[in-house]
Structure formats: C-alpha cells, structure tokens
Protein chains: 2
Amino acid sequence: MTLATDDFFKALADPTRLRLLMLLACEGELCVCELTHALTEIQPKVSRHLGLLRTAGLVQDRREGQWIFYRIHPQLPTWMGQVLEQTAQANRKAEPFATDLRKLRSMANRPGKACCA
Amino acid sequence: MTLATDDFFKALADPTRLRLLMLLACEGELCVCELTHALTEIQPKVSRHLGLLRTAGLVQDRREGQWIFYRIHPQLPTWMGQVLEQTAQANRKAEPFATDLRKLRSMANRPGKACCA
DNA sequence: GCCATATATATAGAAAACCGTATATACTAC
DNA sequence: GTAGTATATACGGTTTTCTATATATATGGC
C-alpha cells in the first residue's frame, strides 16, 4: 500500500488530523485517550480521524491491553517524514498542539493504570 | 496577511493546486496559459485555483502585457518553501506534473508572441 | 471604434468531507 | 457471568469544496 502524494496532503488538510500528526511526531507514541485529552476533542472524532490516517498509511497502531497506541508509520517515505518534522518544528512554539500534554502523561502513568478519568 | 499552517495544507490538498505549485517550484515563473496547457485543464479551472492560491498568499502574480505570471510567493515562510521544494524533488521523477512543458515553452517563445493556440 | 487573445469571476449543481449521537466491539477485573 | 474502561464504527444531517458553463474584464493590434 503505497501512499500517494495527493493522499498525503489530503490527510494533512484537516486541523484535527494535523494536530494528531504533530503530537505523534513530537511524542513518538501515544494512546487514543491521551490524544483525545491533548486535543480536548470527543473520542469518536479523534478515533475517526486516526482511522483515516491509519487507512491512508500515515500512522501505525499497536494494541497493548485495552489501549491502542499510535505512531507515525515507520515505513513512511523519507520526504513525508521530513515534511511532518519540519511542520512540527515550525509550529512547536507558535501553536500549541496539545493542552498541557506533559502534565497529562505524568498523571496517566501508563501502562497499568487508567489514564483518563 | 500571515499564512496559517492549516490554510497552507488546505491549499495543498487539491491535486490541481498541488500540481500548479510543483510546476512553479520547478520552473520559477509561468503564465496562466502555460500552466493551463501543462496540466491539460480548462482555463477557468486553472484560473480559479490560482486565485485561491493567490488569496491564501502562497503565490504572487505579476502582469506583463496581456499575460499574468505566477510564482511562489517570495515572502512565504521558509519552512513552507522547504516543504514545497521537498515535495517537488520527491515527485519529479515519480509523477509528471506537466505534459511536456519544455517543448511547450520553446514553442511559446514569450513574451511578444501568443503562447497558446 | 472592432476583433482576438488572455485572464478572472459568477452561478448552480454535484460530490466530498466533516460533525455529533448512538451503538458496537474488545479488553480487564471481579 | 456483570460492570467498567477504551476504542471503533454506523448513521443522518450539515457544511464545504469542486466542477463546468457562461459571462465579464483587460490588453493589444488594427
């Protein structure tokens, strides 16, 4: 399943998906509930956009117990990864992708503990 | 008029606009009729998408006689320019943006001569 | 003035994308 | 088995985006 350029940029065209990708690019691997809290969006919305990113081939998922962790797809073409990296760097200061993700993660203390109230 | 990241990627989400930007990134400056022929699309379609790119701030236009030349906006944020460059490079061989643009340009011999039959 | 070329915009309809709500599935602990 | 948490998907409606056709504007040459 090769990822076409058109589909790549279509995937980036939605603000929710873009923020998800920026978070994953910065943090490496996050579960759905962390992403949901970080974006302060409702779960089905986040899940649907993650599903689109997964189907398109931009991200990869991995189950661990009841959590599913997402990350940028390891086999993503180099130049696409660079685009994500550059975008994340350019926007790290300018626009906050998440609302206090660091605090959230320390609270979460996963795996082995519920991370979402 | 600052260009937001969201709007930047929305502009790249359409195949026609993406091909226009790739052509401009490769060739520097092109008039509307060259772009129209290169993409083998109808003129109003190309013109409308160029208008969107202009309004968004991704490209700049310049009139010279009856022709209007477009180029990537010189004041585009550095990282956005890099994204366009990388995308153009990665797709130069893979996907042809244009149908025989070089031949078209030698035929055109502009300015001073009609470039479109 | 008229005619041709180049480009832009307006309009209306079709297609795609996004949304929230509701529901389904999967896992864990008991 | 039941209950609770985490995640995914299905459904229906709204909004956005794209399209093609038609028309308008601008320039150049006569």
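Convention: sequence-line order gives letters A, B, ...; per-chain numbering from 1. Not measured: the values here are computed from a predicted model.
Ranked by how close their nearest DNA chain C nucleotide is to the 5' end, A:L52 and B:S47 are led by B:S47.
A distance-only check finds no donor-acceptor pair linking the side chain of A:R62 to the backbone of A:Y70 [under 3.5 Å]. When atom types are taken as modelled, the side chain of B:N91 and the backbone of B:T87 share a donor-acceptor pair closer than 3.5 angstrom. Between the A:R17 side chain and the A:A11 main chain, a donor and an acceptor come within less than 3.5 Å of each other.
Rounded to a whole Å, the CG atom of B:L50 is 7 Å from the P atom of C:dA8. Across the protein-nucleic acid pair, B:E64 atom CD and D:dT27 atom P stand 13 Å apart, rounded to whole Å. Separating the CD atom of A:Q66 from the C1' atom of D:dG4 is a distance of 9 Å, rounded to the nearest angstrom. Summarising the geometry, the separation between CG on B:L30 and C1' on C:dA6 is reported as 15 Å, rounded to the nearest angstrom. If you measure from atom CG of B:L39 to atom P of C:dT7, you get 13 Å, rounded to the nearest angstrom. In this structure, A:I42 atom CD1 and D:dA6 atom P are separated by 16 Å, rounded to whole Å. Nucleotide D:dT7 holds its C1' atom 14 Å from the NE2 atom of A:H37, rounded to whole Å. The NZ atom of B:K10 sits 16 Å away from the P atom of C:dA16 (whole-angstrom rounding).
Closest to the side chain of B:W67, from the set C:dT7, C:dT9, D:dT7, is C:dT7. Considering only the side chain of A:R63, C:dC27 comes nearest among C:dT7, D:dT21, C:dC27. Residue A:R54 has its side chain nearest to D:dT9 when only C:dA8, D:dT9, D:dT7 are considered. In this structure, the nucleotide among C:dC18, C:dT7, D:dA8 sitting nearest to the side chain of A:H49 is C:dC18. The side chain of B:P44 sits closest to D:dA22 out of D:dA22, C:dG20, C:dA22. The side chain of B:T16 sits closest to D:dT19 out of D:dT19, C:dC27, C:dA17.
Relative ring orientation between A:W79 and A:F9 is described as tilted, the plane-to-plane angle lying within the 30° to 60° band.
Here A:G65 lies in heavy-atom contact (under 4.0 Å) with sugar-phosphate atoms only. Contact annotation for B:R48: base contact, defined as any heavy-atom pair under 4.0 Å involving a base atom.
Phosphate proximity of D:dA6 to A:Y70: absent, as no side-chain N or O sits under 4.0 Å from OP1 or OP2.
A donor-acceptor contact under 3.5 Å is formed by the side chain of B:Q43 with the base of C:dA8.
Linking ILVMFWY residues whenever their side-chain heavy atoms come closer than 4.5 Å, directly or via other members, leaves A:L20 and A:L52 in distinct clusters.
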